[in-house]
Amino acid sequence: MSTLSNIMESQGIGSAADIEWLHMLIGDWQLIADLAFADIVLWAPTQDGSFVAVSHARPSSSATLFYRDFVGQKIKAEWRAQVGEAYETASIIESSSPAWYEETPTRVRAVPVIRRVRQGSTDSAPSSPIAVISLHTNLSESRSPSRQEMTFNSCANDLFDMIASGDFPDLDAAPSPRRGAPRATDGLIRLDVDGVVTFASPNALSAFNRIGFADELEGESLAEVTTRVLTGKINVDESLPVVVTGRAPWRADIEARGVTVSLRTIPIRHLGERTGAIVLCRDVTELRHQEMELITKDATIREIHHRVKNNLQTVASLLRIQARRTQSDEAREALTQAMRRVASIAVVHDTLSEGLTQNVDFDDVFNRVLMLSAEVAAIHGTTVHPRLTGSFGVLPSGYATPLALALTELVTNAVEHGLAGREGTVVIEANRSEELLTVHIVDNGTGLPEGAIGDGLGTQIVKTLIQGELSGSIEWNAAADGGTDVFIEIPLRFANVPE
């Protein structure tokens, strides 16, 4: 749960729809701060008539005013009236004179946040705000703003007007990618209502130069520019036409001359009518190369796990064939046990070959391991009823392989010796916390002979795996109903092990 959600729920303020809308808004929090060249703070109304800060962004385009976050704090007295007026009147309130913050002159603007509600095929906006944004601009640097700065400020003003009318964020906007999203400083293009470029930042112009456009962008139709760049291309992003004309809040990529430029369009609306668009662009060539390398590596790792699984299954099959042909009962038993151990390791590699991470859902692995134990039960004329309670959760492969092998030994031992030739149950109880995994394996078999723990190969393997490989502990005890109770504790040493 996010900080915003935690604060609003602890204060008992805002509906689920309000919180979701604010989450969408702060997805563009850094963009808004960069365009405005100002610190921005999001204030949610409290039940006692005040406001609490639920999000704060500092501009990367200028110096910040606030070196400490306001998140979680009540609003300061000097901003309370202005923010309150914006909330009550549902209109943008400008400060009448410069405000001072720690001897620094500032300009404060309060912008109401209106949530637009979708009803069928039409949208309607409620009349009352759900929060207020305060914008704090540093006035201490007296200089003439550049054309880029004036354009950025104009874009910010348009966004604030749209926020105050419920037109931003856009319900039809594409979700933000995990990485590589264009930022204001990466490149910004301003379009008029006809899709003609009225401003292009130097970084935006450089990005288009790299994909083959050598002229000036300003005064050109961005759609015609991209058409010229992509002449002869077969594979073109299908959403590109509506992105470069500024008609939809979508994303698209342009690929040419070995360069990939990512575009994101934010249509500008006034009173519901589209008046132009902001197009953010970023050269993501290196990011795309890295993503392709990661995809290739993931595919290679999965293929390796798949081949290891196949090889292990081949070894298990060879051991099974050898066991059937041997004349010695002792040799047959040893080969069968070896076959079973190899097969349990193959289960882990089979699971790893299906996913994109080196983590496995161990509950799925263990259910498949229990099937191996059922084969052992059939060989020894045993009817066993295994039951798993609790959950192992997701474990890294470094845990999964030795744990699967150890549990295979323990469950098989319960079936093979404790329940040999009879009907019984084996209950496996797994409990998981952030720092510890505990496992109880309880059967209602014959129990330990005089309480003694076996010293065979299987027991030695289990001890080595649990104590040596997993740094855990294991105890054998007599169960209450006469069977055996094995208790295992395994510390989850790595903080990134998910539950």
Side-chain angles (χ1 to χ4, degrees), residues 27-28 31 34-35 147-148 151-152 154-155 158-159 168-269 274-296 298-299:
D28 281 313
L31 169 65
D34 290 345
L35 290 175
R147 183 164 174 256
Q148 175 169 308
T151 303
F152 277 29
S154 175
C155 292
D158 289 333
L159 291 182
F168 188 83
D170 197 309
L171 294 172
D172 295 322
S176 297
R178 292 182 59 186
R179 64 179 192 149
R183 300 160 298 192
T185 51
D186 292 324
L188 182 143
I189 297 171
R190 184 66 189 256
L191 303 181
D192 64 16
V193 70
D194 297 318
V196 175
V197 177
T198 60
F199 172 82
S201 71
N203 285 345
L205 184 59
S206 295
F208 273 81
N209 289 160
R210 284 192 286 273
I211 59 175
F213 182 74
D215 299 323
E216 292 294 328
L217 279 172
E218 292 186 20
E220 297 277 357
S221 165
L222 190 61
E224 293 178 4
V225 168
T226 55
T227 299
R228 275 181 270 168
V229 168
L230 296 174
T231 298
K233 291 283 183 179
I234 298 176
N235 297 319
V236 178
D237 195 322
E238 61 183 14
S239 61
L240 187 60
V242 292
V243 170
V244 295
T245 55
R247 297 181 181 276
W250 295 351
R251 292 180 169 84
D253 287 348
I254 301 176
E255 296 185 18
R257 300 175 64 179
V259 176
T260 302
V261 174
S262 180
L263 303 178
R264 179 207 173 178
T265 293
I266 304 173
I268 300 300
R269 295 184 176 90
R274 187 173 62 84
T275 60
I278 300 168
V279 180
L280 303 174
C281 55
R282 181 180 183 182
D283 185 343
V284 293
T285 307
E286 186 59 31
L287 286 176
R288 293 292 182 266
H289 287 166
Q290 292 174 3
E291 288 170 358
M292 289 304 300
E293 288 177 0
L294 288 174
I295 291 171
T296 302
D298 284 337

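For D192 (side chain) and D194 (main-chain N/O), a donor-acceptor pair under 3.5 Å exists by modelled atom type. Counting only distance, with no hydrogens or angles, the side chain of S262 and the backbone of D253 share no donor-acceptor pair below 3.5 Å. In this structure a side-chain-to-backbone donor-acceptor pair under 3.5 Å is present from T265 to V243.
V279 is not listed as a side-chain neighbour of V244, based on a closest heavy-atom distance of 4.5 Å or more. Contact of the T151 side chain with the T198 side chain is not registered, since no non-hydrogen atoms from C-beta on lie closer than 4.5 Å. Side chains of R282 and R183 form a contact here, defined as non-hydrogen atoms less than 4.5 Å apart. Contact of the F213 side chain with the T226 side chain is not registered, since no non-hydrogen atoms from C-beta on lie closer than 4.5 Å. At least one side-chain heavy atom of V197 sits less than 4.5 Å from a side-chain heavy atom of E218. You'll find the side chain of P267 reaches within 4.5 Å of the side chain of P249, heavy atoms only.
In E216, the CD atom is not crowded: 12 or fewer heavy atoms of neighbouring residues, nucleotides or ligands sit closer than 6.0 Å.
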- I would like to know whether I211 and R257 meet side chain to side chain contact (heavy atoms under 4.5 Å, CB included); could you show each step before the answer? CA-CA 6 Å; I211 59 175; R257 300 175 64 179; 5.6 Å; no
- Step by step, would you call T285 with D283 a side-chain hydrogen bond (donor to acceptor under 3.5 Å, both in side chains)? CA-CA 6 Å; T285 307; D283 185 343; 2.6 Å; yes
- Task: Test side chain to side chain contact (heavy atoms under 4.5 Å, CB included) on Q148 and F199 and set out the steps.
- Result: CA-CA 8 Å; Q148 175 169 308; F199 172 82; 3.8 Å; yes
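A salt bridge links R264 and D28; the closest N-O separation between the charged side-chain nitrogens and carboxylate oxygens is under 4.0 Å.
Summarising the geometry, atom CG belonging to D215 is positioned 9.0 Å from atom CG belonging to N209; distances are rounded to the nearest 0.5 Å. For the atom pair CD1 (I278) and CZ (R190), the distance works out to 5.5 Å, reported to the nearest 0.5 Å. In this structure, the separation between CZ on R274 and OG1 on T245 is 6.5 Å, given to the nearest 0.5 Å. Atom-to-atom distance recorded for L280:CG and D186:CG is 8.5 Å, nearest 0.5 angstrom. For the atom pair CG of D158 and OG of S154, the computed distance is 5.0 Å after rounding to the nearest 0.5 Å. Note that the CG atom of L222 and the OG1 atom of T227 stand 9.5 Å from one another [nearest 0.5 Å].
Taking both residues in full, the closest heavy atoms of G246 and A277 are given as CA-CB, 3.6 Å, listed atom of the first, atom of the second, then distance. For the pair V261 and C281, the tightest heavy-atom approach, listed with the atom from each and the gap, is CG1-CB, 4.0 Å. Across all non-hydrogen atoms, the minimal contact from A256 to V229 is CB-CG1, 3.8 Å.
Among residues two or more places apart in sequence or in another chain, the side chain to side chain contact (heavy atoms under 4.5 Å, CB included) test is passed with A184 by L31, D34, L35, F152.
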